[in-house]
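First listed ligand is number 1; within each ligand, the first listed atom is number 1.
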Amino acid sequence: MHEHSLTELSAAIKNKTLSSVEVTQHFLNRIHKHENLNAFLEVHEQQALKQAKWCDNNPESSKDKPLFGVPIAHKDIFCTIDGHTTCASKVLDKFQANYDATVVKKCAHAGMINLGKLNMDEFAMGSTNENSAYGPVANPWNHENCPGGSSGGSASAVSARLAPIATGSDTGGSIRQPASFTGITGIKPTYGRISRYGMIAFASSLDQAGPMTTSVSDAALMLNIMCGYDHNDTTTAQIAVPDFTKNLNNDIKGLTIGIPEEFFGDGLQEDCKLAVEKAIKTYQELGAIIKPIHLPNLSFAIPTYYLLAPIEAASNLARYDGIHYGYRHKDAESLESLYQLSREYGFGKEVKRRILIGTFASSTEYSAAYYKQALIAKKIITNDYKKAFTEVDAILTPTTTSTAFKLNNKDQSPSSLYLSDIYTVSVNLASLPALSIPVGFDHKNLPIGMQLISNRFNEQTILQLGHAYQRATQWHTMYPELYKG
Ligand code: GLN
């Protein structure tokens, strides 16, 4: 069952070859068996089985529900009425949301069953999942490595086939980088495609939800479910949502793929470079036109992102004051000390670092030097992409500079981790859609990912290209031996 695609699972449930209870129980068993991955923060066992039973008893309700009775797991950044929503922070320990995020609601409307909530970096800040207040997550390919972050629980769960699909969120790479580190497929759609309502805010102008799956065709199916205008999020786009599955099989002959030289420089690990170059050859064989291009201002991306994201985070996280939500320190003697103590004990180190950077960089004295400059750089990066898309249909790059980092790496400084986001953050700054798919393994048998970027609201092109690659290759079907059977 855990090797079935979403379409296969849904068809099997609809034609009663499998019951939803059987499928749900199968994934719950796998989750329990592989608890040591620490991918789940909470398993909604009883609730999930109850819903599955309901599906089995009400087959007539499956009409217009494309994934009736099929399980899913949600990153703990999405509010759910069931269980807790913590964003992997102590500040939201035992917090119970009183509404479902739009994404959660849409998945439920499609008939999907929530298995539980997935581990992540606290408030989605990080690249290793080690910033979770509830412990790190292991990479199923090698437990000594991290699954990436911030959607590390989602990536680990899908890679080990503990869930057929998981939701993630991507502010600077948090869907694509963990997808790359764990050998799965992940797409960050165009900013504004998917509602952020009920998705706990990190950096509101960059945050975007997306699916993490085992194939591009499953990702396309999930986008059909997750996308669309929402009056609760005024930044969602009021444009029609196409059927993303429709053109998947179209021939890619004649499509032009741009290869930006700046993404293949010194910092790139040799194994990753070779695997991505091989993928480029595959595209050539499939009839795509390969064209060298330039994105000359890529070097601005990291400083720009690491100013804008913390500035927005500092503002968004002001709401965790010990009064409104979650954690409240017991020893406070005044209002001020209540704020101080609750935030001091509630937030982890990285979150505090970001709040300090963001508060500093947006303060009256420094905002001209930092915030305003960053906004200008964002525009310059966006224009580079705009220009590139007058020449090419899509851009192909490695997703990450290396394969998965070792857990507990004491030599890894925060700034070296920030630098590792070089291939993903510019995409968020330019509000573009981008897909990461597996393209091979390094000499340590850790997965390698490639990124496909397209123009705003043109997810179809990268889905079509990704699907063509997955029809021609087998990488996406591979998952670690330990999790077979
Ligand atoms: N690694 C990046 C950061 O730490 C991206 C996080 C994200 O996309 N949520 O900010």
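Residue contact check: D170 has heavy atoms under 4.0 Å from atoms 8 (O) of ligand 1. Atoms of ligand 1 lying under 4.0 Å from at least one heavy atom of G126, given by number and element, are 1 (N), 2 (C), 3 (C), 4 (O), 6 (C). Remark: ligand 1 atoms within the under-4.0 Å shell around heavy atoms of A124 are 6 (C), 7 (C), 9 (N). Atoms of ligand 1 found under 4.0 Å from any heavy atom of F202, numbered from 1 in the order shown, are 9 (N), 10 (O).
The shortest heavy-atom distance from G173 to ligand 1 is under 4.0 Å.
Surrounding OH of Y345 are at most 12 heavy atoms belonging to other residues, nucleotides or ligands under 6.0 Å away.
At a heavy-atom cutoff of 4.0 Å, ligand 1 is contacted by no atom of Y418, backbone or side chain. Under 4.0 Å from ligand 1, the heavy atoms of D421 that appear belong solely to its side chain. At a heavy-atom distance under 4.0 Å, only side-chain atoms of R354, from C-beta outward, approach ligand 1.
Around atom 8 (O) of ligand 1, the closest heavy atom drawn from S150, P310, G172 belongs to G172.
T236 and D230 share no side-chain donor-acceptor pair at under 3.5 Å. No side-chain donor-acceptor contact under 3.5 Å links Q451 and T424. Counting only N and O atoms by type, the side chains of T214 and Y479 include no donor and acceptor under 3.5 Å apart. Side chains of Y134 and D76: a donor-acceptor N/O pair is absent below 3.5 angstrom, by distance only. In this structure, a donor-acceptor pair under 3.5 Å is present between the side chains of D384 and N297. A side-chain N or O of Q470 and one of T185 form a donor-acceptor pair less than 3.5 Å apart.
For ligand 1, none of its N or O atoms has an N or O atom of S169 under 3.5 Å away.
When only non-hydrogen protein atoms are considered, atom 5 (C) of ligand 1 lies nearest to Y305 OH, 3.4 Å. Residue, atom and distance of the protein heavy atom nearest to atom 3 (C) of ligand 1 are Y306 OH, 3.2 Å. Remark: minimum distance from atom 6 (C) of ligand 1 to any protein heavy atom is reached at S174 OG, 2.9 Å.
The residue from L463, T245, L248 that alone fulfils the side-chain contact (heavy atoms from CB on, under 4.5 Å) condition with S217 is L248.
Checking side-chain atoms of S342 against main-chain N and O of Y339 turns up no donor-acceptor pair under 3.5 Å.
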